Amino acid sequence: MVPLVRKAPLEADSTLDYARSVIRAEASALSQLAMAVDENFVDAVDRILAIRGRVVVTGMGKSGHVGRKIAATLAATGTPAIFVHPAEAAHGDLGMLVRGDLLLVLSNSGRTAELQAIVAHAQRLRVEIVAIASRGDSALMRQADVQLLLPAVREACPANIAPTTSTVLMMALGDALAIAAMRVRGYSSAGLKILHPGGQIGARLRAVATLMHMGESMPLVSSGDPMREVIVTMTGKSFGIAGVVDDGGRLVGVITDGDLRRHADSLMEGVAADVMTQHPVTIDASATAEEAVALMKEHRITSLFVGTQESHGRPVGIVHVHDFLRLGIA
């Protein structure tokens, strides 16, 4: 085992400055990549969209780790994809690549020997190859149908050896491929919801209809109700708000704790219509939890009445910020 050489501890400011220099170097490289993207990228996206099978992603070492993430991102955004380890491919997993697939190969140098078996197999099957590398004259780029050339930049590693900047560029370019393909397909949040039923993404994409409180739980009062009754309703329902409805059950206003304070001097002499705030903010039952949270933050409110196109202004439910806090998304 190679012994570690311990140097004197770095000053905190020096360590932070060094960390910032690494991040700035990688950010600079990303800016170069953004300028370097050309028509080959469009060609790659078109080929991804045209395949009948899957995108098979492969790469060795750190490029392989990035490749796994790219395959996962493609699959999560509507492009069927898998990762195949090139060494395992040479020991029987070549069968995972079939006609109708597209092979996406990652190699910073473009000369990774372990990739040759799967690249040769793709050529035998006449599977199209998209290569991401930093050397345009490398063997891999010469074999590829589409070459996505990374800018020639130094690694953030002081010795210019450990894959750092190069893997950041690969990751960003893979994300760009996945999201560009998703955009062309017109993939929506509804499609993402199907593929992300769990975790934070699933929670953010949940429909408001699945979270709202309905029926007797809603704090509703009539516009002519005395404020004494309104306060009883607000206290009993515990949402900090009351929805004011007209004779047809349509929501015409809301009364919040703030409205009560503003009318404190004459509160008990009035009715709901005298105190309410007109034109309340509402949300459709089909909206996502993320959209509801954004709307609450925008208007600095903690509750939203919910409607549908079919309800014609009649509230069908209510959601409170605590409903979203429980999901960890507020």
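Keep in mind that the numbers below use all heavy atoms, side chains included, and drop hydrogens, waters and symmetry copies. As the structure is a prediction and not an experimental result, all values here were calculated from the model. When a residue number appears, it is its place in the shown sequence, counting from 1.
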[X] (side chain) donor-acceptor with [Y] (main chain) under 3.5 angstrom:
{"X": "N40", "Y": "L148", "result": "no"}
{"X": "E155", "Y": "S166", "result": "yes"}
{"X": "S222", "Y": "G224", "result": "no"}
{"X": "R154", "Y": "P158", "result": "yes"}
{"X": "R314", "Y": "G307", "result": "no"}
{"X": "T164", "Y": "A162", "result": "yes"}
{"X": "T288", "Y": "E291", "result": "yes"}
{"X": "T77", "Y": "L74", "result": "yes"}
{"X": "S31", "Y": "A27", "result": "yes"}
{"X": "S28", "Y": "A25", "result": "no"}

Between [X] and [Y], is there shared hydrophobic-cluster membership here, with clusters defined by ILVMFWY side-chain heavy atoms closer than 4.5 Å?
{"X": "L177", "Y": "M171", "result": "yes"}
{"X": "L169", "Y": "V37", "result": "yes"}
{"X": "V319", "Y": "L325", "result": "yes"}
{"X": "V254", "Y": "V232", "result": "no"}
{"X": "V57", "Y": "L150", "result": "yes"}

L149: hydrophobic cluster co-members (side-chain, 4.5 Å) |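 For the cluster that includes L149, the remaining residues are M141.
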What residues join V105 in its hydrophobic cluster, counting side-chain heavy atom gaps under 4.5 Å, either direct or through other members?
->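 For the cluster that includes V105, the remaining residues are V56, I82, V84, L94, M96, L97, L103, L115, I118, V119, L125, V127, I129, L140.
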Hey, could you give me the [atom1]/[atom2] distance between [X] and [Y], rounded to the nearest 0.5 Å?
{"X": "R20", "Y": "T15", "atom1": "CZ", "atom2": "OG1", "value": "10.5 Å"}
{"X": "L211", "Y": "H322", "atom1": "CG", "atom2": "NE2", "value": "14.5 Å"}
{"X": "T79", "Y": "L49", "atom1": "OG1", "atom2": "CG", "value": "6.5 Å"}
{"X": "D274", "Y": "L267", "atom1": "CG", "atom2": "CG", "value": "10.0 Å"}
{"X": "I132", "Y": "L173", "atom1": "CD1", "atom2": "CG", "value": "4.5 Å"}

Nearest heavy-atom neighbours spanning [X] and [Y]:
{"X": "A292", "Y": "F324", "value": "CB-CZ, 3.6 Å"}
{"X": "V221", "Y": "A272", "value": "CG2-CB, 4.2 Å"}
{"X": "S303", "Y": "H320", "value": "OG-CD2, 3.0 Å"}
{"X": "A207", "Y": "A285", "value": "CB-O, 4.0 Å"}

Using a cut-off of 6.0 Å, state whether more than 12 heavy atoms not belonging to M214 lie near its atom CE.
->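 No.
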Got more than 12 heavy atoms from elsewhere within 6.0 Å of CG, D247?
->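 Not more than 12 within 6.0 Å, no.
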Between [Y] and [X], is there a side-chain heavy-atom distance shorter than 4.5 Å?
{"X": "V245", "Y": "V252", "answer": "no"}
{"X": "I241", "Y": "I255", "answer": "no"}
{"X": "V281", "Y": "I301", "answer": "yes"}
{"X": "F41", "Y": "V146", "answer": "no"}
{"X": "M170", "Y": "S63", "answer": "yes"}
{"X": "L220", "Y": "F305", "answer": "yes"}
{"X": "V130", "Y": "D145", "answer": "no"}
{"X": "V153", "Y": "Q32", "answer": "yes"}

Classify the side-chain pair R124/H121 by whether it contains a donor and acceptor separated by less than 3.5 Å.
->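 Looking only at side-chain atoms, H121 and R124 do form a donor-acceptor pair, the distance falling under 3.5 Å.
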Side chains of D259 and T256: donor-acceptor distance under 3.5 Å anywhere?
->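 On atom types as modelled, these side chains qualify, holding a pair under 3.5 Å.
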Only one of R52, R47, R126, R54 passes salt bridge (Lys or Arg N to Asp or Glu O under 4.0 Å) with D101; say which it is.
->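 Among R52, R47, R126, R54, the one that satisfies the salt bridge (Lys or Arg N to Asp or Glu O under 4.0 Å) with D101 is R54.
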Let me see the working for S223 and D246 under side-chain hydrogen bond (donor to acceptor under 3.5 Å, both in side chains), right down to the final yes or no.
-> CA-CA 6 Å; S223 55; D246 62 16; over 6 Å; no
Between D257 and R261, is a salt bridge (Lys or Arg N to Asp or Glu O under 4.0 Å) present by the stated rule, with each step listed?
-> CA-CA 6 Å; D257 292 336; R261 288 191 293 273; 5.2 Å; no
F83 and H85 aromatic ring geometry - parallel, tilted or perpendicular at 30°/60° bounds =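 Correct class here is perpendicular.
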Parallel, tilted or perpendicular: ring planes of F239 versus H213, cut at 30 and 60 degrees =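 Perpendicular.
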Lys/Arg-Asp/Glu bridge criterion (N-O < 4.0 Å) met for K69, D175 =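 Salt bridge present between K69 and D175.
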